[in-house]
Amino acid sequence: MKIKLWILDVNYEVVGNEPEIRLWGITSEGKRAVVKVRGFKPYFYAVPKANVSIEKAIGSLKPLISQYRILSIDRVQRKYYGKPIEVIKITCQLPPTVPQLREAVLKLKTIEDVLEADIRFYMRYLIDKDIYPCAWHEIEVERESIRGLSVDEVYRAISDPKYLSEMTRIPDLKVLAFDIECYNPRGTPKPQRDPVIIISVKTDSGKEEILTADDHNDRNLIRSFIDLVNSYDPDIIIGYNNNGFDWPYLLNRCKALHMKLNISRAGGSPAQSVYGHFSIVGRANVDLYDFAKDMPEVKVKTLENVAEYLGVLKKSERVLIEGSELYKYWDNPEKRKTLYDYARDDVKSIYGLGEKILPFAIQLSSIVGLPLDQVGAASVGFRVEWYLMKQAYKLGELIPNRVERPYTPYKGAIVLKPKPGLHENIVVLDFSAMYPNIMISKNISPDTYVPPYEEVSPDEVYVAPEVGHRFRKKPPGFYKQVLGKLLQVRNEIRKIMKTLDPHSYEYRVLYERQRALKVIANATYGYCGWIGARWYKREVAEATTAWGREIIKKTINMAKSLGLEVIYGDTDSIFVRYIEDKVKKLCELIEKEFGLRVKPDKIYIKVFFTEAKKRYCGLLPDGRIDVVGLEAIRGDWSELAKEVQEKVIEIVLKEGDPYKAVKYVSDTISALRNKKIPLSKLIIWKSVTKELDKYEVKTAHVAAARRLLEAGYRLEIGDKIGYVIVKRPGEKLADKAMPYILVKDIDEIDVDYYIKKQIIPAAMRILEYFGIKESQLEGATYQKSLLEFFG
DNA sequence: GCCTTGAAGTTACCG
DNA sequence: ACCGGTAACTTCAAGGCG
């Protein structure tokens with residue numbers, strides 16, 4: 001019989017000395033099913049040394065056959081960096097043997113290198129059989145007994161799955177969102193000691209459950225959670241930082257209680273896997289925090305903030321409890337209800353985030369080929385790489401090894417000096433997908449690169465400006481093929497989208513798909529210049545930016561010769577006065593000259609620059625204001641300073657009245673002096689980017705971080721520290737930086753710091769260019785000290 | 001020993 | 001654990017001065 005299966009998860013087991021791949025998913029009838037695949041065997045390649053014949057190399061492998069259970073040794077024809085190559089394919093019985101066998105093969109004097117020996121077995125299967133997670137496949141199967149697996153149907157495959165690219169529908173997925181709260185009277189909770197007190201759950205069936213501990217005993221709570229998961233039997237489990245907190249906590253808690261967290265569809269517990277995420281066999285465990293990291297607009301990525309940003313739940317409409325205070329709400333019977341509400345709001349937020357994020361995650365998974373639970377956890381580089389690996393296999397290209405290399409810097413893009421001041425009626429012209437298109441049009445790729453010592457006729461190659469790197473015009477290189485496909489498929493999707501109702505379900509699916517394609521295409525240039533990349537080639541990245549610089553320089557000259565004044569430009573954009581016919585002409589010229597598309601992106605009624613690059617603000621026709629690079633959008637300035645700057649910008653751009661802005665600033669300063677500004681607006685957030693001891697300089701946020709540690713909080717690399725500046729003896733700012741959580745009274749605040757180092761700089765950044773002097777900003781109530789007066 | 005100054009360290013941004 | 005280019009802040013140490 002034939003079934004159609006939407007693939008949710010993949011793993012493998014060794015059964016009776018045979019590897020068995022398991023494809024977990026949902027059938028077109030809506031059944032949860034697993035398809036077992038036998039017969040696929042692990043393999044890798046050995047490349048003989050240049051002076052060794054392939055026969056001799058094969059001969060030298062023979063002694064390894066019995067020890068490592070080698071099944072076959074074959075001569076095969078492949079391509080390596082575009083060049084035909086004959087290599088030895090070594091197939092063995094069991095996946096765990098591969099690492100040892102690989103080492104043994106590498107030791108042979110006949111062998112130069114080993115390729116593709118570091119690809120996990122089930123991923124190898126997905127690559128070779130052209131199978132895509134989160135996509136439909138048709139498989140010829142036979143029914144088998146269910147025996148111990150939590151699914152409706154178990155099958156054995158009797159054909160290879162066939163990818164059904166036309167079938168874009170996503171099945172009805174059972175989603176379970178969860179969140180845990182822990183008892184934490186002594187700072188950060190410790191699983192060996194502190195129980196879980198609440199597990200909140202929300203499912204797509206509409207069920208919301210707040211499971212609670214029996215006072216300080218969480219055994220029954222965890223039991224109930226396990227039962228709930230298994231009885232609801234979700235396809236997808238979502239959480240917020242569940243890979244970083246909830247799963248490790250629950251697992252360690254279970255260990256302490258001698259319990260098993262058996263919630264997988266094969267009966268096991270979550271297990272830590274590649275990319276540090278937790279894998280739950282047969283389900284997809286997705287950590288939405290991984291996707292929140294890609295939302296630069298949200299500076300402090302707490303669940304509340306992300307939920308508010310995505311329009312899921314406003315902070316003003318939910319219960320908020322300071323993390324360190326949770327235990328008080330648990331211990332106090334009158335407050336406990338509030339804690340339940342808090343837990344409910346958290347899980348509602350997670351569920352809502354899931355609705356916003358999962359459609360994209362699903363498309364990303366199906367495009368790059370990583371299972372849904374891994375695709376979020378994998379870094380951008382690995383996402384690109386899996387896509388490339390799949391494509392390489394299709395092209396008969398061998399996958400290069402991951403090798404350690406030294407970091408070699410190279411030149412990047414051009415940034416123009418802006419013309420400072422206020423400009424009216426300015427259009428921003430953007431090259432669409434500049435780097436991918438340069439790579440395509442110049443055929444830039446590791447396999448088309450011609451090294452300096454190689455002689456080749458000049459008309460056969462493209463030569464990069466400045467750096468002189470040469471790339472063969474033909475045949476199409478790896479990057480060209482891969483990027484060409486990404487962009488082409490994206491264009492096809494966008495064409496279909498135009499025929500659809502933007503509110504339709506189909507439209508949403510395609511929208512997310514084209515977005516995922518764009519993300520991968522745009523990351524490919526960065527990938528090729530990443531020293532950790534399998535397909536790294538410095539010359540590839542270097543040539544791409546060199547052509548980019550040339551194009552933007554020529555574009556500027558073309559604009560100038562058309563009589564268009566260029567105000568600013570960065571990498572792939574130029575800002576010019578909007579004179580419609582000239583701009584139109586310029587776009588046509590560019591398209592003709594470079595074969596690249598340029599689109600008038602934004603029109604600013606007014607745009608303001610200081611002398612600094614990468615920082616400006618502008619007024620759009622619809623009245624919105626863009627702020628780029630300035631303090632107002634930076635996460636490491638106090639909300640107060642950001643608000644002041646934003647307001648100043650708004651007044652200046654919309655009303656053109658700097659004196660009104662001055663009044664606003666000095667009123668704000670007065671308000672601060674009069675303690676009318678809440679402490680929350682004075683918090684400065686900065687990330688801890690390394691271990692505290694590794695810092696060479698005594699910075700404010702590290703000093704604050706140390707104080708947090710002293711107070712019993714746990715910190716991890718990457719955490720954001722929120723601190724305020726308080727009145728304290730000490731020369732350095734760091735001496736006055738206090739975690740805001742530990743500051744009880746607004747009177748402790750060093751008001752002068754906030755005036756001189758936050759409000760005034762943020763406001764002056766703009767107002768300086770309107771002739772305003774710092775002294776004009778200070779509040780009416782301000783009395784200069786004698787020292788300052790004479791100083 | 002004190003003060004100035006510029007380099008270094010650090011973070012977060014732009015495209 | 002995708003790139004280079006950039007601004008801005010604080011700390012720190014060197015250099016100049018007396």
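- Of all the residues in residues 374-387 of chain A, not one reaches under 4.0 Å from DNA chain B with any non-hydrogen atom.
- A:F431 comes within 4.0 angstrom of nothing in the nucleic acid, heavy atoms only.
- The distance from atom OH of A:Y407 to atom P of C:dC2 is 14 Å, rounded to the nearest whole Å.
- Between A:E550 and A:K442 there is no salt bridge, since no side-chain N of the basic residue sits under 4.0 Å from a carboxylate O of the acidic one.
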Contacts under 3.5 Å, N or O only, protein and nucleotides 12-14 of chain C:
unit_1, atom_1, unit_2, atom_2, d
C:dC12, OP1, A:K698, N, 3.4

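- A salt bridge links A:R383 with A:D294; the closest basic N to acidic carboxylate O contact falls under 4.0 Å.
- Atom CD1 in A:I766 sits roughly 15 Å away from atom P in C:dA7 (whole-Å rounding).
- Among the protein residues, A:G412 comes within range of the sugar-phosphate backbone only, with heavy atoms under 4.0 Å from sugar or phosphate atoms but none that close to a base.
- Within a heavy-atom distance below 4.0 Å of DNA chain B, the residues of residues 681-689 of chain A found are A:K686, A:S687, A:T689.
- The residues A:D570 and A:K613 are annotated as not salt-bridged, no charged nitrogen and carboxylate oxygen being separated by less than 4.0 angstrom.
- Considering every non-hydrogen atom in both A:K698 and A:A734, the closest pair reads O-CB, 3.5 Å.
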Please produce a list of atom pairs where a protein N or O lies less than 3.5 Å from an N or O of nucleotides 13-15 of chain B.
unit_1, atom_1, unit_2, atom_2, d
B:dC13, OP1, A:K299, NZ, 3.0
B:dC13, OP1, A:I633, O, 3.3
B:dC13, OP1, A:G635, N, 2.8
B:dC14, OP1, A:G629, N, 2.7
B:dC14, O2, A:K614, NZ, 2.6
B:dG15, OP1, A:Y616, OH, 2.9
B:dG15, O3', A:D572, OD1, 2.1
B:dG15, O3', A:D572, OD2, 3.4

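- The distance between atom CD of A:E768 and atom P of C:dA8, rounded to the nearest whole Å, is 10 Å.
- Salt-bridge check for A:K757 with A:D750: failed, with every basic side-chain N at 4.0 Å or more from each acidic carboxylate O.
- Between A:Y695 and B:dA8 there is no side-chain polar atom (N or O) within less than 4.0 angstrom of OP1 or OP2.
- Comparing C:dT6, C:dC2, B:dT11 by their closest approach to the side chain of A:V415 singles out C:dT6.
- Note on A:R765: only backbone sugar-phosphate atoms sit closer than 4.0 angstrom, heavy atoms only; bases stay farther off.
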Check your understanding: Where do A:Q645 and A:E631 land on the side-chain hydrogen bond (donor to acceptor under 3.5 Å, both in side chains) test, with the steps shown first?
Key -> CA-CA 7 Å; A:Q645 190 182 61; A:E631 286 77 4; 3.0 Å; yes
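- For A:L416, the side-chain contact (heavy atoms from CB on, under 4.5 Å) criterion is met by A:I414, A:I556, A:V566, not counting sequence neighbours.
- Taking the six-membered ring where the residue is Trp, the centroids of A:Y479 and A:Y435 are separated by 6.0 Å or more.
- Looking at heavy-atom distances under 4.0 Å, A:A700 makes no contact with the nucleic acid at all.
- Taking each heavy atom of A:A546 and A:P465 in turn, the nearest pair found is CB-O, 3.4 Å.
- Across every non-hydrogen atom of A:Y723 and A:Y754, the tightest pair is O-OH, 4.4 Å.
- For A:Q645 and C:dA7, the CD to C1' distance is 13 Å, given to the nearest whole Å.
- A straight line from CZ of A:R538 to C1' of C:dC2 spans 17 Å, rounded to a whole angstrom.
- Using a cut-off of 4.0 Å between Lys/Arg side-chain N and Asp/Glu carboxylate O, A:R515 and A:E512 are scored as salt-bridged.
- Atoms NE2 (A:H701) and P (C:dC9) sit 17 Å apart, rounded to a whole Å.
- Not a single salt bridge (charged side-chain N to carboxylate O under 4.0 Å, His left out) links A:K560 to another residue, sequence neighbours left out.
- Straight-line distance from the OH atom of A:Y723 to the P atom of B:dT10: 14 Å, rounded to whole Å.
- Contact of the A:Y568 side chain with the A:V607 side chain is not registered, since no non-hydrogen atoms from C-beta on lie closer than 4.5 Å.
- The interatomic distance linking A:Y410 (OH) with C:dG5 (C1') rounds to 11 Å, in whole Å.
- Taking the side chain as every heavy atom from C-beta outward, A:I574 and A:T555 approach each other to under 4.5 Å.
- Annotation: A:F471 is not in aromatic contact with A:Y462 [ring centroid separation under 6.0 Å not met].
- Look at A:K417 and you won't find any side-chain N or O under 4.0 angstrom from OP1 or OP2 of C:dT6.
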